[in-house]
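Note that ligands are numbered from 1 as they come in the structure, with each ligand's atoms numbered from 1 the same way. Side chains included, hydrogens not; waters and symmetry mates left out as well; all remaining heavy atoms used.
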Amino acid sequence: MDSDAFVFFGASGDLAQKKIFPALQALAGDGRLDIPVIGIARSNWSDAHFREHAKAAIQKHGKLDAKAFQHLAQRLHYVRGDYADAQTFKRLVTALNGAARPLHYLAIPPSRFETVIEGLKAAGCTQGARVVVEKPFGRDLQSARALNAALHQSFDESSVFRIDHYLGKEPVQNLLYYRFANAFLEPIWSRDHVASVQITMAESFGVQGRGAFYDEVGTLRDVVQNHMLQVLTLLAMDPPISQDAEALRSEKLRLFQAIRPLSPADVVRGQFLGYHDEKGVAPDSNVETFVAVRLAIDTWRWAGVPFYIRAGKCLPLTCTEVHVDLKAPPQALFPKDPPHAANFVRFRLSPDVAIGQGARIKAPGEGMVGQGVELVAEPDTREDMLPYERLLGDALRGDATLFTRDDCVEAAWQIVDPVLDAAAPVEVYTPGTWGPPASDELIEGQGSWHNPSLDKST
Ligand code: BG6
């Protein structure tokens, strides 16, 4: 059944400005938001001020659609208060005005999750309700388990929606679709033909004023435990028996459980030069702003195939790309070809979207000498939904397919848990480079990193 009110904690925060208001306007524009929308935060604002704040946020981080915004503004209410104060929740009950199936979205720092859950429960706001929990979901396996236990005190697992906005992205959903809507990929999608897999999530910018948050988290927790492992799962999982939420998430779980927990030798951590000067960062911080990891998946399909993930801030460009290297032909019939013949599958996930198939063709001339070419499909992305629009719309309808289940989130933590914090040394790298040179050593023997390029001619 659809939720009959949308409540979000952290209404004056960064996430609300950048993602939630634009997503709410998009939902309103699509005629999918005919319920009260209640924002809660500490600032002493009126409803009118809150609406102005929402408008300014959309103008800054999206595009104002006057009609859709008016529809949203009419439904926007503001509740002021501290999350530890029972009065805040009394005011929420009044604002809910009898709504029986609210969706509560915790767009707040994880340290406040439990306080809000308790406040909601004490005020009787959890009955019939759903809850959306922002990432990071805990900071290690133990805290994730504790958070799951706290949530389950008040909500049934079927009412808990753990958000990972990567799963709401069109090209990420396409990984699942492309793999299982076509038959041609399956015969080569295993250790028989795949040599290695690389996932690169590069960002050319630094911590962008989020130093205090980032210094508590680091790259492994910020994007690897969630976004990157989710992408890996979609690439490597077996076909689910249906596209039903439980079937899909159970299949993902099987894959997560087959990934060997990381050991320090599988990890290279880096920190960009100048990170210590960022506001909110400890002067002696050894938190990583770059990480490269080598993963092993112990299944019949993937035994012996290394999966590499590399993510970082202040790298040469902003781009997320998957590169699947295929094995060379069994016989070197054309010995003048380079030893690593260019057979690969490439998925560009952002900033543009593409699927590429790398192959070799004969170069014109007398000899049997080839050249690498790539067949590229570039879907039209103009109509793509905002990830948060898709995910919040799904949560309002109770569709959990694109949300992480309790056992999956714990299994993902299990993989990174042994190497969190200072398990591997942190090496300084120069902003604008591809991280510390040690990341090249991690991949030695498997060719080299494929650095994505934004130049269409290469
Ligand atoms: C967030 C991380 O989850 O994802 C950020 O906290 C990161 O550090 C962001 O920049 C990247 O998301 P996107 O959608 O901009 O690629």
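Comment: Lys121 does not engage Glu118 in a salt bridge, judged by the lack of any side-chain N to carboxylate O separation of less than 4.0 angstrom.
Within 6.0 Å of atom CD in Glu427, more than 12 heavy atoms from other residues, nucleotides or ligands are found, so the atom counts as buried in its surroundings. The environment of Arg254 atom CZ is sparse: at most 12 non-hydrogen atoms of other residues, nucleotides or ligands sit within 6.0 angstrom.
In terms of protein heavy-atom proximity, atom 6 (O) of ligand 1 is closest to Asp222 OD1, 2.6 Å.
Ring pair His165/Tyr388 is parallel by interplanar angle, where below 30° counts as parallel and above 60° as perpendicular.
Residue contact annotation: His165 has a non-hydrogen atom under 4.0 Å from ligand 1.
Between His227 and ligand 1, at least one pair of N/O atoms sits closer than 3.5 Å. Residue Arg210 has at least one N or O atom closer than 3.5 Å to an N or O atom of ligand 1. Geometrically, ligand 1 and Lys313 share a nitrogen or oxygen pair separated by less than 3.5 Å.
Within a 4.0 Å radius of atom 8 (O) of ligand 1, the protein has at least one heavy atom.
Taking every non-hydrogen atom of Met201 and a distance limit under 4.0 Å, the qualifying atoms of ligand 1 come out as 11 (C). Short contacts between ligand 1 and Tyr166, defined as distances under 4.0 Å to a heavy atom of the residue, involve ligand atoms 16 (O).
Checking Asp215 against Tyr275 by side-chain atom types alone, a donor-acceptor pair falls below 3.5 Å. Remark: the Asp399 side chain and the Thr401 side chain contain an N/O donor-acceptor pair separated by less than 3.5 Å.
The two residues Asp284 and His276 have their closest heavy-atom pair at C-NE2, 4.1 Å.
Among Lys135, Lys169, Lys18, Glu203, the residue whose heavy atom sits closest to atom 11 (C) of ligand 1 is Glu203.
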